[in-house]
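Please read the structure below before turning to the comments.
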Amino acid sequence: MLQLKGISKNFGGLHVLQDVNFNVAQGSIFGLIGPNGAGKTTIINLITGLLRPSSGDIQFNGQDLTSVQPHQITKLGIARTFQNIRIFKEMTLLENVIVGMHDHLNYGIAGILLNLASFKSAEAKSKARALELLSWVRLDHKAHMLADNLSYGEQRKLEFARALATEPKLLLLDEPVAGMNPAEKTELMAEIVNIKQRGFTIFMIEHDMRFVMELCEKIAVLNFGKIIAEGPPAEIRSDPAVIEAYLGKEDEAWE
Amino acid sequence: MLEQQLINALSLGSVYALFALGFTLVFGVLGVINLSHGAIFMLGSYVALLLVNKFAMSLWMAMLLAMLVTGLVGLIVDFLVLRPLRKRNAPHLIPMIATIGVAIMITNIAQGVFGAENKRFPFGTIPEDSFTVGNLHLTAVQLAIVLISFALMIVLLAVMRRTQLGRALRAIAESPKAAYLLGINVEGLFFLTSFAAAALGGAAGVLVGLSFNAISPFMGQPMLHKGIAVIILGGMGDIRGAMIGGLFLGFAEVLSVAYLSSDFRDAVAFGLLFLILLVRPSGMFGKVLERKA
Amino acid sequence: ADIKIGVAEALTGPAAKYGVAIKNGFTLAADELNAKGGINGNKIVLVVEDEQGKKEEAINVFKKLIFQDKVLMVFGPTLSNSAFAADPIANASKTVVFGTSNTADGITNMGPFTFRNSVMEADVLPVTTRAAVKQFGIKKVAVLYGNDDAFTKSGYDVFKAALEQQKIAVTDTETYAKGDVDFKAQLTKIKATNPDAIICSCLAEEAANIILQTRSLGMKQPFVGGNGFNSPKLFEIAKDGADNTLMGSPWSAENPAAANKKFMADYKAKFGGDPDQFAAQAFDAMYIVAEALSKVKLSGSLEKDRLALRDALPAVKFDGATGKFAFRRAAPQGGKEGGYDAQQDAIVNIAKGGKFILLK
Amino acid sequence: MLEWWDGFWAIYSTVIFSIGINAMLALSIYLTLSCGLLSLANAAFMGIGAYAASMISMQTALPFPLALLAAAVMPALVALIIGIPTLRLSGVYLAMATLGFGEVVRVIVLNMEITGGPMGLNGIPLKTEWWHIVLILAATLYVLARLRRSKIGRAFEAIKQDETAARLMGVNVSAYKLLAFVLGAVIAGIAGGLNAHYTFTIGPGNYAFENAVDILTMAVFGGTSNLIGPIIGSTTLTLLPELMRYLKDFRLAANGLILILVVLYLPKGIWDPLRIRAFWERRALQKHAAKTTGNTGKAG
Amino acid sequence: MGVILQIKDLAVSYGHIEAVKGISLDLHEGEITALVGANGAGKSTSLLAVSGLLKPVAGQVVFGGKDLTRLAPHQIVQHGVVQVAEGRAILTTLTVRENLELGGYTRKDRPEMLKDLAWVFSLFPVLKTREDGLAGNLSGGEQQMLAIARALMAKPKVLLLDEPSMGLAPLMVQEIFRVLKEINQTGLTILLVEQNVRQALKIAQHGYVLENGKIVLADSGKNLLHNPKVIEAYLGA
Ligand SMILES: Nc1ncnc2c1ncn2[C@@H]1O[C@H](COP(=O)(O)OP(=O)(O)OP(=O)(O)O)[C@@H](O)[C@H]1O
Ligand SMILES: Nc1ncnc2c1ncn2[C@@H]1O[C@H](COP(=O)(O)OP(=O)(O)OP(=O)(O)O)[C@@H](O)[C@H]1O
Ligand SMILES: CC(C)C[C@H](N)C(=O)O
Ligand SMILES: [Mg+2]
Ligand SMILES: [Mg+2]
């Protein structure tokens with residue numbers, strides 16, 4: 001479904017990514033791990049069109065993404081969350097999620113101005129859907145609060161719900177459980193499995209090994225901008241190069 | 001003619017730069033477009049004029065006192081207006097609107113007290129003659145303005161780049177919260193900045209008053225327009241930017257008169273500015289730091 | 001009953017120097033008239049408003065005077081620029097508006113209720129130019145004017161026509177805008193064309209600065225200007241830098257006529273300073289109106305009285321501080337009836353040692 | 001009574017008209033602000049609208065509605081042309097570029113013959129009636145209110161808060177910005193057309209820097225979080241100088257002082273729904289507390 | 001050892017939302033104290049109040065016998081109570097080195113500072129390689145390291161850490177906890193807010209559990225690690 005072919009990215013003299021290749025299969029959960037500064041977030045930025053690769057190309061369902069505008073990439077069915085949380089702070093949680101449905105509200109200017117039935121029903125539907133999504137992440141009780149009033153972890157969950165609202169085929173998660181405690185992680189894990197079963201494909205970056213290993217079918221390891229290993233969790237876990245560069249002593253790393 | 005025009009441009013540009021230095025400093029640190037800077041500039045002129053006229057003070061003494069007075073006014077404005085807004089986390093345009101109020105007040109009071117007409121420093125306050133080399137003319141005040149603005153830029157730059165104070169000011173500029181967590185006396189430095197910027201504005205007022213013989217309650221307004229253009233052209237909050245931007249505007253205006261038409265002087269200057277912004281969307285020295293995703 | 005007359009002049013703002021002199025002129029005349037028992041026994045009451053030299057304010061003030069204070073007529077505003085904005089209101093409400101300082105072309109084209117005793121540029125500047133040519137032996141001149149003010153622009157247009165007509169070469173034409181303080185770029189350009197004189201259509205504060213900067217560039221050329229130059233302000237700022245400047249005006253301090261002598265003495269006694277052209281014109285204007293009013297039987301109906309005043313005014317002939325005066329009907333324009341201009345001769349003055357004296 | 005009213009109307013109709021016009025202008029800048037654009041071009045758009053409409057009224061026999069249409073279309077076209085390159089600028093840089101644009105417009109108008117140069121156009125026929133203003137203002141309010149509650153309004157808001165995030169929600173950011181900019185120009189242009197037809201006179205100086213800042217001030221002063229703020233702001237700031245008139249020389253100082261005080265005490269603008277909501281909630285809580293303490297006798 | 005910093009009945013509100021409802025907590029000199037709790041429990045709020053960035057509605061923070069509650073934030077730092085805040089508060093427009101130098105803003109001993117600079121560079125070698133680059137260009141994890149390093153530059157007496165391991169790679173997490181233990185052994189008192197509950201409680205002598213703005217459990221780190229309630233709620237059995 002998603003293919004990265006020979007992707008490189010430079011910032012000035014800094015070679016952040018060098019010849020990165022991998023494929024994410026339809027309906028799978030794919031994990032990308034690697035030390036801090038390896039270039040993981042950069043990859044998500046490339047996929048979503050916020051950055052352009054210095055060379056190589058990215059294909060999504062056979063379509064080349066390298067010259068498509070970010071909002072069109074969203075339309076194609078790719079959504080993401082941000083490592084540094086970027087919610088719309090001065091909107092309510094509900095509004096945050098409804099913004100995510102932007103492309104799916106099919107009414108015209110006449111509908112808006114004349115308050116036509118098409119407008120009303122689309123708005124009502126989107127509201128119901130947004131509340132449903134919020135309930136998935138257990139934030140529905142705060143639906144009418146301003147997003148700014150949420151704690152850090154809650155904001156992450158809101159981002160997650162908002163990303164789902166765009167009805168993506170592929171969901172890119174950048175450290176979705178950073179800042180959550182183990183119990184909350186477990187909850188979210190169940191949620192992700194749930195979502196996967198509904199047919200979503202998931203690509204995630206995460207430093208929490210228990211989370212990654214349990215969820216992902218396939219994991220790639222990025223180190224200094226290069227893929228150093230790729231395979232199923234069991235294989236990655238015991239790969240000496242990965243242990244050396246990233247995992248460290250296993251028992252301590254596991255959480 | 002070209003040589004003389006270059007001199008004209010240099011001295012006009014320095015006037016703009018001088019005004020813009022204080023203006024950009026406030027923005028750089030407080031993040032506020034202080035629209036009362038023009039009024040404070042005007043006040044500087046009047047205070048010095050008053051001291052020279054009424055107390056027969058020497059010009060340099062008067063200038064120092066004028067800087068002190070305008071600095072204090074800047075401090076008071078900060079204390080009474082900007083600080084409460086900071087405390088209340090006002091949205092970013094609000095402090096600017098408040099400074100419009102301040103500007104209106106100061107201008108109106110100045111008009112009530114000093115009258116609306118143009119005034120000038122008494123004849124002979126400074127040598128009126130110009131230095132003449134061949135066919136080129138430069139007055140003493142013009143020369144002073146050029147030298148002082150360059151000197152100030154260098155001093156300010158050194159402070160900002162090389163000292164712990166400068167680093168602290170830049171830290172505050174980016175995030176007062178982070179600065180607090182580093183143990184920086186944020187409020188204290190806000191006050192210091194407001195004082196210094198206003199004092200610089202006052203000094204600029206004195207020099208410009210001397211240079212153009214047109215001290216009036218409204219003299220700050222056109223200067224403010226130019227000042228805004230200059231600091232944005234240079235990159236908001238950037239000291240070098242204020243200097244280069246000032247010179248740029250000076251040259252753009254003078255050269256457009258010299259080689260195009262004086263009818264279109266401001267249009268050429270602002271049009272150029274418009275074009276430069278299209279090429280460099282955050283001014284000549286402004287940094288764009290896209291928030292990391 | 002009292003006769004209420006509106007005075008809308010720039011009492012604050014950059015044109016205040018002119019406006020205050022004008023107000024003083026009115027006050028002096030009105031006080032004199034009232035001391036003599038008023039007009040047919042009716043006292044004149046001046047309702048003075050400050051129009052700040054701004055268009056918008058002039059409009060506001062006119063409305064207030066005409067509709068709220070219900071004055072019989074309005075004097076003002078100070079600047080032609082404001083007159084273009086405000087005079088239509090007076091015309092629309094069929095009220096006389098009387099300018100004592102508006103000299104731009106086209107003022108009286110705004111309607112039949114527009115009057116002025118200020119001699120318009122078109123009548124003065126050609127005379128001034130001719131005198132300048134004779135005085136300095138001018139062959140070529142440079143022109144500088146403010147391009148965003150009705151008066152300075154109109155002055156420029158008249159100068160331009162006069163220069164063309166008198167076949168004087170123009171080496172360079174430059175402009176500036178309101179609020180400018182640095183004219184060196186324009187002046188340097190002018191300097192390079194080496195004119196014999198500089199024609200300048202400017203208001204006094206800018207004029208003073210322009211003169212100073214011209215001198216600081218080492219240029220010695222004399223200036224020729226319009227009535228904008230005619231203000232003590234010029235010398236306060238430019239001092240003897242302004243020497244040899246020529247300026248045309250219907251009034252001169254040296255006019256030995258008794259009416260003028262008395263006016264100058266009374267003015268000095270009342271206000272402590274010397275009067276200028278604008279005070280004199282205002283002073284005369286009040287007498288001109290008084291003259292007209294003395295022929296009108298006031299009915300008490302504002303509407304009728306306003307019309308009656310308008311009908312009585314054109315016939316007035318007067319000899320006052322500014323000399324002999326009569327109205328001259330403005331040519332109708334674009335099918336619109338015009339008002340009345342001043343029929344009066346201009347006198348050319350020259351600046352010497354910090355004041356204007358008659359050019360002999 | 002009737003006579004009193006006539007007098008009152010004759011003097012104050014301009015002020016009253018101005019309230020409506022300023023409200024439209026404040027709304028026009030509110031619209032661009034609501035999309036995160038600090039554009040100060042609205043004064044210039046107002047000017048373009050004013051000149052376009054006045055020239056039609058003075059030089060042709062076309063009816064007033066057509067003049068107003070021109071006042072809407074001309075600024076819209078210009079906005080479209082300059083919007084495409086400039087709207088990538090953000091914050092004060094956009095403000096500056098749009099101010100620069102305004103300056104260019106001013107100088108062009110100043111130097112053209114057909115616009116009357118520095119004198120501007122004088123004797124523009126009086127065609128604006130009070131109900132024109134009421135009608136158009138109401139229509140503007142209605143359209144803006146509808147937009148606000150739709151996906152367009154939400155897209156604006158999202159762009160304002162985080163452009164990148166909005167983009168990744170599928171919002172075509174540049175298209176929506178252009179939409180806000182052009183709509184703002186249309187509103188300002190119509191306001192200009194209406195304004196010109198009750199003031200007799202327009203000139204190149206009427207649409208410059210100060211006016212741009214005034215418009216912004218009205219909107220921000222009233223509060224930009226919804227449509228009511230700009231209306232309140234423009235009404236207050238239009239009336240204030242009139243009410244202060246009796247202070248004569250120092251009326252502007254009083255004006256400035258009031259501006260500062262209001263801003264100090266209501267830093268989110270006069271009309272801040274959050275503050276108002278919080279106030280009522282607090283009231284309700286207090287009442288509630290009073291009741292419960294009354295019942296249990298415990299101190300709150 | 002003695003109590004160096006004492007939080008007494010601290011209550012903090014955002015408008016009328018009570019985020020922290022009267023908590024009391026002691027930091028023992030030279031020890032690590034962990035504060036854990038769910039998202040939104042009020043952990044960050046409490047830390048911000050200790051640092052003076054939020055003004056408490058009630059309660060006190062006492063440091064070495066001195067009441068800090070009424071002091072300005074910078075004065076609290078001058079007393080030696082330094083925080084690594086949530087979201088890192090990196091100065092993105094300054095270089096890495098400038099960030100670190102500002103870390104020592106309250107210090108007067110320049111030569112010592114240079115030594116400490118070398119020390120933090122040895123703790124986080126990546127920072128050394130990016131010394132003159134803008135801090136804003138660092139990756140998330142790199143910024144986290146910079147934030148911790150910067151706080152160490154202040155030579156604090158008490159270090160407040162808000163989720164220091166967030167966003168760090170496993171190897172780096174181990175590294176951070178190792179460093180924390182190490183600097184703690186030099187006598188530094190640490191208050192650690194962590195979602196990485198297991199690791200935190202492992203190195204902490206004392207632990208507190210915060211729920212809905214109230215402290216519901218207080219015990220030694222070890223005991224909490226084995227407390228069934230904690231295991232169920234926070235360790236995800
Ligand atoms: N705009 C930029 N300019 C310069 N360098 C950059 C820029 N953006 C990222 N980098 C550098 O690129 C490298 C990769 O960054 P990236 O954010 O992709 O890392 P990451 O793998 O997501 O790390 P982490 O796990 O810490 O989030 C880092 O060293 C970072 O400093
Ligand atoms: N700026 C704010 N305005 C209003 N409410 C806020 C604000 N910040 C936090 N809150 C609320 O205060 C409560 C405590 O927030 P706090 O950030 O202290 O939680 P936390 O324990 O640090 O959570 P996390 O683990 O998610 O960071 C939460 O319910 C949150 O919604
Ligand atoms: C006071 C005068 C200088 C006014 C000038 N004559 C004008 O018509 O604008
Ligand atoms: Mg990352
Ligand atoms: Mg927190």
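The figures here come from the full heavy-atom set of this structure, side chains too, leaving out hydrogens, waters and symmetry mates.
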Exercise for review: Could you tell me which of A:Ala245, A:Ala178, A:Gly153, A:Gly34 has the largest number of non-hydrogen atom pairs under 4.5 Å with chain E?
Suggested key: A:Gly153
Review point. Distance from A:Tyr152 atom OH to E:Glu163 atom CD, nearest 0.5 Å?
Key: 8.0 Å
Exercise for review: Please report the shortest heavy-atom distance between E:Gly40 and A:Ser151, naming the atom on each side.
Suggested key: N-OG, 3.0 Å
Point to revise | Closest non-hydrogen atom pair between A:Met180 and E:Gln195, with its separation | key: O-CB, 3.3 Å
Check your understanding: Only one of A:Val16, A:Thr42, A:Asn36 clears side-chain contact (heavy atoms from CB on, under 4.5 Å) with E:Ser139; which?
Key -> A:Asn36
Check your understanding: Does A:Gln83 use its side chain to pair, donor to acceptor, with the backbone of E:Gly167 at less than 3.5 Å?
Key -> no
Point to revise | More than 12 heavy atoms from other groups under 6.0 Å of CZ on A:Phe224 | key: no
Review point. Does the side chain of A:Pro35 reach to within under 4.5 Å of the side chain of E:Met172, using non-hydrogen atoms?
Key: no
Review point. To the nearest 0.5 Å, how far apart are CG in E:Asn39 and CD in A:Gln155?
Key: 10.0 Å
Review point. In terms of heavy-atom proximity below 4.5 Å to chain A, should E:Glu142 be classed as side chain, backbone, both, or neither?
Key: both
Exercise for review: For residues A:Glu244 and E:Leu171, report the shortest heavy-atom separation together with the two atoms involved.
Suggested key: O-CD2, 3.6 Å
Review point. Does CG in E:Asn212 sit with more than 12 non-hydrogen atoms of other residues, nucleotides or ligands closer than 6.0 Å?
Key: no
Practice item. Answer with side chain, backbone, both or neither: which region of A:Lys40 has an atom nearer than 4.5 Å to a non-hydrogen atom of chain E? Key: neither
Review point. Under 6.0 Å from the NZ atom of E:Lys214, do we count more than 12 heavy atoms belonging to anything else shown?
Key: no
Practice item. Name the region of A:Leu14, side chain, backbone, both or neither, that has any atom closer than 4.5 Å to a heavy atom of chain E. Key: side chain
Point to revise | Heavy atoms from other residues, nucleotides or ligands near NZ of A:Lys89 exceed 12 (cutoff 6.0 Å) | key: no
Study note, to complete from the structure: Cut-off 4.5 Å, heavy atoms of chain E, and the answer for A:Ala38 is neither
**Study point:** Neighbour count >12 (heavy atoms, 6.0 Å) for atom NZ, A:Lys142
**Key:** yes
Point to revise | A:Glu191, CD atom: more than 12 neighbouring heavy atoms under 6.0 Å | key: yes
